[in-house]
S.K.: 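Structure provided below as structure tokens; questions to follow.
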Amino acid sequence: DPSRFTQQEINHLRAKIITHELLTRHRHLLDALQIELLEGFKARAKEPKYRPTDREIFQILNLGKKVHRRIYRDRKKVQALRTA
């Protein structure tokens, strides 16, 4: 039942998904510190008793948003060049 999940648990799941996506599909857009942050989070998240703080979760979510904005801007530039 989805209503049983807390907002913290939902954000934790979103952070796990974003971590996987960034490390597998968009690694070329990340710098060394960002990769280290994501790999550290991924390693800690495998532990069954690990409960991330809100700060850790939102670092991951904000990084994902930053990368997705960059991808959007790059695609928009390419489309502008194609139509010009």
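The residues of the chain are indexed from 1 along the displayed sequence. The figures here come from the full heavy-atom set of this structure, side chains too, leaving out hydrogens, waters and symmetry mates.
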S.K.: Got a sec, which hydrophobics cluster with L33, joining ILVMFWY side chains under 4.5 Å apart, including via others?
M.R.: none
S.K.: Considering only residues two or more places apart or on different chains, which pairs with a residue in residues 8-34 satisfy salt bridge (charged side-chain N to carboxylate O under 4.0 Å, His left out)?
M.R.: E21-R25, R27-E39
S.K.: Only pairs at least two apart or in different chains count here, so list each salt bridge (charged side-chain N to carboxylate O under 4.0 Å, His left out) that has a residue in residues 73-84.
M.R.: none
S.K.: How does the hydrophobic cluster around L61 look, that is, which other residues are in it when side-chain heavy atoms under 4.5 Å mark a link?
M.R.: I18, L22, L23, L29, L30, I35, L37, L38, F41, Y50, I57, F58, I60, L63, V67, I71
S.K.: Could you name each residue pair satisfying salt bridge (charged side-chain N to carboxylate O under 4.0 Å, His left out) that touches residues 42-69, not counting sequence neighbours?
M.R.: R44-E56
